[in-house]
Amino acid sequence: MRIEKHSNSLIDYNQPLSFVFNNKAYKGFKGDTLASALIANNVLYYARSFKYGRKRGIIGAGVEEPNALVSLEIGGRYTPNMKATEIMLYDGLSAVSSSNPHSIDFRAMIKPLHRFMPAGFYYKTFIKQKVWSIVEDRLRSLSGFSKAPSEIDEDVYDHIFQHTEVLVIGGGAAGMSAALEVLSSSKKARVILVDERENLGGELTNEFTTDQTATLWYQETKERLLKYRDEAGSRLKILTSATAYAWYDHNYIEVLQTIGTGQSMIQEGVQSARKVLHKIRTKEVILATGAHERPMLFETNDLANIMLSQSVRRYVNEFNVVAGKEIVLYGNNDSIYNTAIDLRKHNVESKVIDVRASGVESDIVLEARNLGIEVFQGFAILKAKGKSRVTGIEISKVEMQAKPPHWKSKWRLTGDTQTLNCDLLATSGGFNPVVHLDCHCGGKTYFDENSQSFLAQKDRKNRQLCGAVNSIGFWKDAIADAKNKAQLTLLSLGEDNKVNPQELTNQSRNYFNVDQFFTPLEILNKPKVFIDLQNDVTTLDVSLSIREGYQSIEHIKRYTAMGFGTDQGKTGNINGIAVAAEFLDAPMSEVGTTTFRPAYTGVDFGAMAGRELGDFFDPQRFTTIHDSHVNSGAEFEVVGQWYRPWYYPKDGEDMHQAVNRECRAVRTSLGMMDASTLGKIDIQGKDAREFLSRVYTNAWMKLAPGSCRYGLMCNEKGMIIDDGVSTCINDNHFIMTTTTGGAASVYSTLEMWLQTEWSHLDVHLSSVTDQFSTVAVVGPNARKLMKKLCSDVDFDSKNFKFMQWRPGTVCGVKARIMRISFSGELAYEINIEANFGRFIWDEVAREGKEWNITPYGTESMHVLRAEKGFIIVGQDTDGSMTPMDVNMNWILAKNKPFSYIGRRSFSISALKSEDRLQLVGLLTKDDQVVLPEGAHIINNKGVSVGYVTSSYYSPALGRSIALAQLKGGLSKMSETVLVKIVQEKQGLKEIPCEVSSSVFYDTNGEKVDGNE
């Protein structure tokens, strides 16, 4: 409900807003979040839990909220799994619960069976049972929360690269103070101040109701910061509604800023970015990220209207809303009294239950009593009463018994229980400093007994901690702490400033007098004591995981799914650690925390992509012949960003029919292919031969000008990384070709060797892939066509031999003509300047009509090369194969004066094992069955011993062929193996195959000279 207005509220009552939630209309005001507006409208239920389908309400007020997940808007602006606590209200907002609490839910219907569904239930019950195939689809349909978007996102997102000397993360009292201190003490340091809320101030705004000095300090500090921000040549940038979600090495931090929540971002025809991803490089970081409150543990602590105490306080002070009338505050620290006092000042009555024993009351406790607030000290809540929302509580007196060692205490329930009525229960079990970012790039945490929290490591280079993240609770102490850390930051930057540290109060490290974690076994062993509200992880789940042998907190987390949800355990994981410590009878410091990894909060995929999507996602590369391919009706595939013709279907043809026709044309008459996409590297210098000899495994020192040679390239581990043909232009000039997809990586690898290891070699590399177009003329009649196209080259087979090249003029265009074949047939490659590519292609097609010349694409190229057993690096090899594994020992030079890359590794015994995967051919017993690529080869025990790398139907042979990696395959010729095929929803099928040579066609290489 909405309570009376007050001056410190962020609500603008002059701007009413209308919105829809779960198909029902509501009213709110400018300044509301969706959560505060729903509380004002007395909405109780927001979602259902993941495992049991229990109705859940809001417990938090910010990023720590685990329950109130909603899907925002529809169509192109649909955004799933957003937290109602972070969505700023706007007029026309439309949202639905990610899991509707008002619908019939299968998980809730089987409530009597929940006791039989502990942690690990699905693994144990289904994963090895035949019933799994029956229930799998149903269980998967229950997973997740919001539905995934199905329409194209109509919004745009920007990336901005920022550089600064100091990045302050957190805009509360500590962050504001730190930023102002840096700016006022330095004349050159730039500062970026980041805060996840829409307004600066953080939790300090809660103090405005009771402490006028807090209001005055905030107003003055904000004015000074805005003045720095707005001045000419400003050294300050303030990013609000911005979350620093990832911290990487070298102080690179990513910040996601929300410009618009879900409303249309188009104004006057101009579309602005919904979110901006700031990629920030900074020299120094000041973390002022604050702390999250953790709840208390008791039975059925997940009922709606059980909230965190600080969240209730924030809703009252910032938004003028409260979720109940009969309020009970429960905890183990003084913060619950602050909430009770603030409620009282807004004429809302409450009771306080404090597990700490009476007798040593702090000033805040006495103030609460003086205001007439009823206080129960030395009492604990055993159970919350109610069906789906809290209607009352059972309490009992408690005491703590000392038990050695000193870090351990046992809580004991004493006395009879009594019942109190309430419709809102707010709890506080202490505070968890937000150390997540500090841990993203290797920071460690330690458990601090004084504040009963895990703190970031004290000393780290280029980083300072201040405020609540440093366990400083009182706002005045946080300001002083921030000034001290700002001065240390300037000192680290080399600023000539004197450090004059300000003193903090004696109680600064545990300002709220947080007592030890309240974990009595009488409560922990009860059912439905929830730790992770989103995933329904209970204390009994933690107990079960420990009994089953999972002692590490990392293993306990994964066994129970604790902290797996969208809040990443911000409210529950530390309680989970305390529960594990109780069951393990170990100190919290020994149990430790789970690992914090990026991202701290959810990040939109659209924001990650920015403007780099659609045509901008990946460069589209086209050869100069592309338009001719389009006119010929080609289908394309993307290879290394190039759009290569895949096949050229004629009317009524499918891919297989088109490929068979293309392959037959190449084998029987004449085909043509666009080979322009092959990587081309121009290599020049007096040491060019020596360089090639070092990077290729075979000999290059005697290759004559006018000749070409196939080369195989390995890395230093002896594994094949690329292959191709290189051409000797003259003694100091070579043209290397690479695979299409490997062009960039090969070029960078060669440059790396030249610049770091062989800088003394006189060699210069230039990438010329885009400078030349290549038209391949392939087939028995290729020589006849070439004589027609080019009159100044002698194409006689004795004068222009295989693996040679000649300069010539093709259709009036200067060209390099290379006699190279990747099909085993007579073939010539015409290399011309790229601008002439389409002209030459069209001329070849026109002049070749006499022999019914047929353009063919990459699919036919693969069939033709596979028939000859030619490998494709990256398809028939996988980065773990040596030349010996592909039966290419013949290409390994033995007498080079200087070794080649990878040769030394060949002496490793593991690379000589006869049981290595080796490339072989496979012939199916049924010659019409084409094996699926990737299918596994199994032995008689059903164990995988290899897999199929390439598989096609060969028109020339009238049967299927395949290449495969098989353990010890070169010694298993003619043996029969089984290839197992997984057919979806239809079980398994085993296909018998004969191991054969990888060369299926023209085994003696007689076709390479054509018809002669």
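In what follows, every heavy atom counts, from backbone to side chain, and hydrogens, waters and symmetry copies are set aside.
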Derivation and outcome, side-chain contact (heavy atoms from CB on, under 4.5 Å), residues Tyr228 and Leu180: CA-CA 9 Å; Tyr228 274 112; Leu180 186 59; 3.7 Å; yes
Of all the heavy-atom pairs spanning [X] and [Y], show the shortest one and how long it is.
{"X": "Leu204", "Y": "Ala173", "answer": "CD2-CB, 4.1 Å"}
{"X": "Arg460", "Y": "Cys441", "answer": "NH2-SG, 3.2 Å"}
{"X": "Ala179", "Y": "Val191", "answer": "CB-CG1, 4.1 Å"}
{"X": "Leu167", "Y": "Thr282", "answer": "N-OG1, 3.4 Å"}
{"X": "Gly429", "Y": "Asn333", "answer": "C-ND2, 4.1 Å"}
{"X": "Thr261", "Y": "Met88", "answer": "OG1-O, 3.5 Å"}

Could you give the distance from [atom1] ([X]) to [atom2] ([Y]), rounded to the nearest 0.5 Å?
{"X": "Phe512", "Y": "Gln507", "atom1": "CZ", "atom2": "CD", "result": "10.0 Å"}
{"X": "His436", "Y": "Thr593", "atom1": "NE2", "atom2": "OG1", "result": "9.0 Å"}
{"X": "Glu495", "Y": "Leu490", "atom1": "CD", "atom2": "CG", "result": "5.5 Å"}
{"X": "Phe208", "Y": "Tyr218", "atom1": "CZ", "atom2": "OH", "result": "6.0 Å"}
{"X": "Leu236", "Y": "Arg224", "atom1": "CG", "atom2": "CZ", "result": "12.0 Å"}
{"X": "Lys458", "Y": "Asn470", "atom1": "NZ", "atom2": "CG", "result": "9.5 Å"}

Above 12 or not: heavy atoms from other molecules or residues under 6.0 Å from [atom1] of [X]?
{"X": "Asp496", "atom1": "CG", "answer": "no"}
{"X": "Glu612", "atom1": "CD", "answer": "no"}
{"X": "Arg558", "atom1": "CZ", "answer": "yes"}
{"X": "His760", "atom1": "NE2", "answer": "yes"}
{"X": "Asp615", "atom1": "CG", "answer": "no"}
{"X": "Lys279", "atom1": "NZ", "answer": "yes"}

Test side chain to side chain donor-acceptor pair (under 3.5 Å) on Ser335 and Ser309; report intermediate values, then the result. CA-CA 8 Å; Ser335 72; Ser309 171; 4.7 Å; no
Does the distance from a Lys or Arg side-chain N to an Asp or Glu carboxylate O, for [X] and [Y], drop under 4.0 Å?
{"X": "Arg294", "Y": "Glu64", "value": "no"}
{"X": "Asp155", "Y": "Lys275", "value": "no"}
{"X": "Glu231", "Y": "Lys227", "value": "no"}
{"X": "Glu293", "Y": "Arg313", "value": "no"}

Ignoring hydrogens and angles, tell me if any N or O in the side chain of [X] forms a donor-acceptor pair with the backbone of [Y] under 3.5 Å.
{"X": "Glu65", "Y": "Gly60", "answer": "yes"}
{"X": "Thr33", "Y": "Ser36", "answer": "yes"}
{"X": "Gln534", "Y": "Pro66", "answer": "yes"}
{"X": "Thr243", "Y": "Tyr245", "answer": "no"}
{"X": "Glu86", "Y": "Glu196", "answer": "no"}
{"X": "Ser186", "Y": "Val182", "answer": "no"}
{"X": "Arg611", "Y": "Phe616", "answer": "no"}
{"X": "Asp477", "Y": "Ile472", "answer": "no"}
{"X": "Lys570", "Y": "Tyr600", "answer": "yes"}
{"X": "Arg190", "Y": "Ser234", "answer": "no"}

Pairs touching residues 475-501 that satisfy ring-ring contact (aromatic ring centres under 6.0 Å, His included), sequence neighbours left out: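 Sorted pair list comes back empty.
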Can you pull out every ring-ring contact (aromatic ring centres under 6.0 Å, His included) where at least one residue sits in residues 156-206? Sequence neighbours excluded, please.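 ring-ring contact (aromatic ring centres under 6.0 Å, His included) check on residues 156-206 returns no pairs.
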Could you tell me if the side chain of [Y] sits less than 4.5 Å from the side chain of [X], heavy atoms only?
{"X": "Ser451", "Y": "Arg509", "result": "no"}
{"X": "Leu225", "Y": "Leu183", "result": "yes"}
{"X": "His292", "Y": "Val63", "result": "yes"}
{"X": "Pro295", "Y": "Leu308", "result": "yes"}

Classify the angle between the aromatic ring planes of Tyr315 and Phe319 as parallel (below 30°), tilted (30 to 60°) or perpendicular (above 60°).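 Geometry flag for Phe319 against Tyr315: tilted rings.
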Regarding [X] and [Y], do their side chains bring together a donor and an acceptor under 3.5 Å, going by distance alone?
{"X": "Gln267", "Y": "Ser272", "value": "no"}
{"X": "Glu284", "Y": "Ser492", "value": "yes"}
{"X": "Gln502", "Y": "Asn484", "value": "no"}
{"X": "Glu181", "Y": "Gln487", "value": "yes"}

Given Thr210, Thr205, Thr209, the one that forms side chain to side chain donor-acceptor pair (under 3.5 Å) with Asn317: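 Of all the options given, the one that passes is Thr209.
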Can you check side-chain contact (heavy atoms from CB on, under 4.5 Å) on Arg274 and Ile259, steps first, answer last? CA-CA 5 Å; Arg274 176 171 304 287; Ile259 308 299; 6.0 Å; no
Criterion side-chain contact (heavy atoms from CB on, under 4.5 Å) on Met562 and Asn573, from CA distance to verdict: CA-CA 7 Å; Met562 180 176 72; Asn573 266 23; 3.3 Å; yes
Applying side chain to side chain donor-acceptor pair (under 3.5 Å), can you list everything that pairs with [X], at least two apart in sequence or on another chain?
{"X": "Asp195", "answer": "none"}
{"X": "Lys222", "answer": "none"}
{"X": "Tyr446", "answer": "none"}
{"X": "Asn199", "answer": "none"}

Show the numbers, then the answer: is there a side-chain contact (heavy atoms from CB on, under 4.5 Å) between Ile238 and Leu226? CA-CA 9 Å; Ile238 300 176; Leu226 293 179; 4.2 Å; yes
Derivation and outcome, side chain to side chain donor-acceptor pair (under 3.5 Å), residues Gln310 and Asn338: CA-CA 9 Å; Gln310 288 294 99; Asn338 288 328; 5.5 Å; no
